[in-house]
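Report on the following structure.
The structure presented is a predicted model; accordingly, all values stated were derived computationally and were not measured. Letters A, B, ... are given to chains in the order of the sequence lines, protein chains preceding strands, and every chain is numbered from 1. Reckoned from all heavy atoms, side chains included, excluding hydrogens, waters and symmetry mates.
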Amino acid sequence: MSGPLAAVREGRFQRSLALATGAGSLVAAAEIYLEHDRAGFGNRMMWWPVVLGPVGAAAGVAGAVNTRAARTLLPLASAAIAANGLQGFWLHVRGVAQKPGGWRMARFNLETGPPVFAPLLLGMVGGMGLVAAVLRREGRP
Amino acid sequence: MSAEERPAPGERPPYEGRFPGYDSLARRPHWDEVTAAVVTARVAGPRPPLRLFAPAEEAAARALLDRLLDHPPVDLLPMIDARLAERETDGWHYADLPPDDRAWPETMRALDEDARALPGRPSFAELTERQQDGLVEEVRRAERWHGWPAKHVWSLWTRYACTAYYSHPAAWDEIGFGGPAFPSGYARLGVGRRERWEVADAHPERQPQAERPDPPPLPAVTDPGRHGEAGAALATLRRTTRRQRSVRRRNASAWLLPQDGLGFDRRLIERMRRHRDEDEVDLVIVGCGAGGTVLAQRMARAGWSVVVLEAGPFWDPLRDWSSDEYAAHQLYWTEPRVLSGSDPVPMGSNNSGRGVGGSMVHFAGYAPRFHPSDFATRSRDGVGADWPLTYDDLRGSYERLEAELPVAGQYWPWGEPHAYPHAPHPVGGNGEVFLRGAAALGLEARVGPVAISNGRFGRRPHCVYRGFCLQGCKVNAKASPLITHLPDALAHGVEVRADAMACAVELGPDGLARGVRYLRGGREHLQRARTVAVAGYAIETPRLLLNSANGRFPDGLCNDYDQVGRYVMVQGAPQVSGRFEQEVRAYKAPPPEVSTEAFYETDPAKPYRRGFSVQTVSPMPITWAEHVVAQGHWGANLRHYLSDYVHWATLGGLAELLPQADNRVTLAEEKDRHGLPVANFSYSQCDNDRRLIAAARGAMETILAAAGAGEVIAIDRYAHLVGGCRMAARPEDGVVDRDLRSFAVPNLLITDGSVLPTQGAANPALTIMALVDRAAGVLAAGARSGLRTPR
């Protein structure tokens with residue numbers, strides 16, 4: 001039995017998941033940059049996910065080419081991204097609450113305020129990296 | 001007009017039933033308390049008996065209102081009567097008409113007089129509707145009527161009637177208008193998009209008229225706005241990634257608002273430093289608007305002790321303002337003024353302010369820079385005047401203020417190309433129409449530049465796109481000195497004395513200003529100061545100087561060369577509206593959205609000099625009624641046009657009208673309630689002005705037609721107000737020098753829009769602030785010593 005599909009079935013896909021994490025964090029960072037720019041970067045913390053994007057990409061590539069990096073750098077960067085996602089979730093919830101009318105106009109403020117669930121999607125990218133760090137590596141027993 | 005087009009008996013008028021089931025009052029739970037109280041009182045408040053109209057006048061007035069608005073379902077007379085009895089007027093009246101509270105009863109008696117000339121000597125109210133229509137139409141068409149200019153009588157009637165009706169929720173239901181919008185704004189912006197609770201027009205085919213003459217060809221583009229794409233992208237990136245901390249370090253106002261960013265931090269007022277009149281402060285400023293507040297903040301930061309005298313109240317955006325078109329009248333200067341000249345300029349919403357924050361409290365929000373050419377129109381185009389400074393002198397100030405307001409917009413290719421610190425806002429239906437029309441013509445149009453925060457800025461919230469920019473921004477998203485400069489000024493020791501009406505600048509025996517005499521709480525005070533700055537804007541600043549005449553200056557302070565009050569300018573601001581089959585709903589999203597300065601410069605091939613810019617404007621119902629009335633419509637026809645409100649998109653031009661010596665402020669015979677002579681503002685256009693306004697109107701018609709408009713209507717208006725104490729290189733040509741210091745009195749400054757020698761085709765707010773920012777820098781840098789000899 002061989003081939004990429006079989007490897008995935010056996011749980012050996014650390015390298016590809018590391019690459020996917022890298023690509024995912026880059027794409028997310030690009031989108032976040034545009035969205036946060038549209039919101040004027042009113043809070044300096046809005047830069048964090050933008051900066052973490054390239055970091056995640058670097059860690060993903062490193063994890064794909066280097067076993068050691070996959071066990072060290074990748075989980076570290078991924079944990080940071082996941083934590084940032086959770087933090088962003090909290091900040092966006094707070095942002096909705098601070099809009100005029102707050103939770104009294106929950107639906108309107110959720111629709112027009114900062115996207116509440118978008119940071120959690122970024123967190124999922126970090127989660128992918130964490131999973132990749134503990135996976136079996138392709139071609140290894 | 002209305003008589004011929006009235007539907008046959010039994011047939012429903014065309015304005016009824018367009019928005020079935022729509023109930024604007026049902027949104028009341030979503031309104032803030034202040035607004036809900038204002039609107040509720042209007043609908044269900046107590047109706048005191050009439051105070052002003054005598055019974056005969058009342059009958060004529062009721063009959064007239066029924067004709068003007070085709071039997072409105074609301075009793076309008078009590079509101080008109082209350083306004084007149086309480087003198088809650090528009091704040092101005094034509095010099096050739098008595099004040100409104102006398103003009104209304106007098107014109108009602110004149111209507112009766114006309115009626116009694118008919119057989120049977122009936123009163124106006126006893127005539128048949130057809131006869132009444134005949135008399136009313138006669139007034140509308142007449143040149144003069146009972147010794148008055150009929151045009152001005154017509155304006156008086158229709159202004160009050162339309163204000164009374166279109167401020168009522170019953171009218172909003174009839175025209176599909178969203179009504180108040182705070183704290184909830186609008187989420188679905190754009191042509192054809194509706195909120196969940198908005199009702200679609202059931203009869204979009206019921207358009208009032210359908211013909212549109214071919215629009216004139218587009219004038220030649222005089223400023224193509226060239227720029228490199230990569231350079232623009234880089235400049236934008238540099239500007240948007242700049243740290244806000246640098247703004248906060250020099251002006252922390254946005255961080256000194258309440259935690260949630262709404263309202264005004266009362267603690268700043270409670271803890272405000274207070275001076276006694278006898279204290280000689282470093283600087284006393286008259287007027288707390290764009291010029292006065294920026295000066296106060298800058299000088300306080302430089303360590304000066306500053307007192308600002310403001311005639312109006314100290315606003316709290318949350319408690320004092322409501323999300324309602326009529327209630328915003330309190331934001332305008334409503335003390336009496338007299339208007340004259342061949343083209344008298346009505347004062348009000350778009351050229352006068354009152355209270356802390358000045359007129360920027362209710363300005364639309366456009367914050368463009370002037371073009372480099374504006375500073376030398378005399379030498380470049382042979383018209384206007386050259387400024388004693390150039391664009392380069394203001395560049396730094398422009399950049400600082402754009403960061404402090406902050407200004408949002410696309411990269412600006414015109415004039416000197418530059419980027420803005422905040423990204424452009426999403427556009428609503430009106431902006432979409434403009435962009436569509438411009439694209440069809442191959443014309444450059446850009447989103448912005450507006451002084452509305454896009455995203456959080458300090459503690460200021462994001463715009464909620466509710467459209468009430470001209471009524472005072474309750475959200476604190478739109479910039480006004482009240483929130484962009486005053487909190488920081490107060491935190492640095494400035495005292496603002498609201499409700500203090502300055503009556504004169506006092507000179508000492510040494511010929512230097514020693515303070516300002518002012519009235520507060522019925523008592524006269526004299527605030528002593530080492531330096532005096534006047535920032536009362538183009539009408540009140542000259543008025544104050546003229547009222548400050550003394551032995552040394554018998555014709556008014558600083559008026560050695562008869563320059564005070566001269567060269568007052570307004571911008572020609574024609575507005576053109578186009579009718580679209582789809583719903584535009586222009587009242588959603590801020591009125592300032594998209595603009596073009598492609599026609600800003602002089603076209604040598606044209607018979608006129610200088611140019612104009614085009615911007616979106618979004619009239620609310622009362623203003624929109626003014627547009628329709630200006631077309632000559634009244635009665636059923638007027639109601640029909642108004643019911644078509646959601647289908648219209650409106651563009652506004654800003655045409656640079658030239659400074660003329662005879663367009664001036666003088667003192668009138670009339671006195672205000674303090675016994676001070678009021679200003680007489682005389683204005684007449686020149687040929688260049690008329691040609692330029694016509695060109696702007698034509699360009700807007702073309703853009704709307706290219707966007708697919710059916711009918712197009714236009715109205716001539718004015719906007720902004722600058723000049724009156726212009727700056728110049730020599731004392732013979734102006735009142736102040738390039739540092740805004742008066743030639744005649746070395747420690748007297750004039751720091752407002754009245755110092756502008758020309759006005760460009762750009763909204764003046766940013767330039768006024770930039771001039772003051774620059775002057776404050778000069779003042780702080782070294783001019784503090786040596787003015788007064790130490791005692």
Side-chain angles (χ1 to χ4, degrees), chain A residues 25-57 84-85 87-119 121-122, chain B residues 27 29-32 181-189 195-197 236-237 239-245 247-248 254-255 258-263 317-318 323 403 406-408 420-426 452-466 473-477:
Chain A
S25 54
L26 211 56
V27 171
E31 175 65 24
I32 292 167
Y33 169 75
L34 292 177
E35 288 295 322
H36 283 185
D37 181 56
R38 191 164 112 36
F41 283 104
N43 186 330
R44 293 300 285 181
M45 278 188 281
M46 290 161 83
W47 282 104
W48 292 8
V50 179
V51 172
L52 280 174
V55 173
N84 185 234
Q87 182 204 18
F89 175 62
W90 159 244
L91 288 173
H92 282 203
V93 167
R94 200 184 65 173
V96 169
Q98 286 175 343
K99 281 196 59 136
W103 290 115
R104 220 160 26 79
M105 308 180 336
R107 182 161 179 183
F108 179 82
N109 281 341
L110 280 168
E111 281 180 3
T112 58
V116 164
F117 301 112
L121 291 177
L122 177 75
Chain B
R27 294 286 301 164
H30 302 271
W31 300 343
D32 63 294
F182 182 82
S184 146
Y186 293 110
R188 301 180 188 173
L189 310 179
E195 308 301 308
R196 278 189 303 279
W197 48 270
T236 306
L237 192 70
R239 197 82 208 264
T240 52
T241 52
R242 204 171 285 173
R243 293 165 154 257
Q244 280 189 4
R245 197 176 299 160
V247 176
R248 187 175 180 174
W255 289 265
Q259 192 68 47
D260 61 0
L262 298 173
L318 216 47
S323 196
V407 183
Y420 285 110
H422 270 201
H425 287 275
I452 300 174
S453 59
N454 189 356
R456 295 208 116 196
F457 179 74
R459 288 178 178 171
R460 278 167 60 192
H462 194 294
C463 175
V464 302
Y465 306 108
R466 64 191 194 114
C473 184
K474 275 183 95 91
V475 188
N476 276 354

Is it the case that more than 12 heavy atoms not belonging to R245(B) sit under 6.0 Å from its CZ atom? no
Measuring heavy-atom distances to chain B, does Q98(A) have an atom under 4.5 Å in its side chain, in its backbone, in both, or in neither? both
Given a strict heavy-atom distance threshold of 4.5 Å, which part of Y186(B) is in contact with chain A: side chain, backbone, both, or neither? backbone
Any idea which of D260(B), T241(B), D32(B) has the most non-hydrogen atom pairs under 4.5 angstrom with chain A? T241(B)
Side chain to side chain contact (heavy atoms under 4.5 Å, CB included) between F457(B) and F41(A), worked out: CA-CA 8 Å; F457(B) 179 74; F41(A) 283 104; over 6 Å; no
W47(A), CH2: over 12 other non-hydrogen atoms inside 6.0 angstrom: yes
Closest heavy-atom pair, A97(A) versus W103(A), reported as atoms and distance to 0.1 Å, is CB-NE1, 3.4 Å
Sort out for me which of H36(A), K99(A), M105(A) touches chain B most, counting heavy-atom pairs under 4.5 Å. M105(A)
Whatever's closer than 4.5 Å to a heavy atom in chain B on R94(A) counts as neither
Pick one of side chain, backbone, both or neither for D37(A), based on which atoms fall under 4.5 Å of a heavy atom in chain B. both
Taking R27(B) first and then E195(B), would you say they form a salt bridge - that is, a charged N and a carboxylate O separated by under 4.0 Å? no
Working to the nearest 0.5 angstrom, can you tell me the gap between L110(A) CG and F117(A) CZ? 7.0 Å
Less than 4.5 Å to any heavy atom of chain A: does that hold for the side chain of R460(B), its backbone, both, or neither? neither
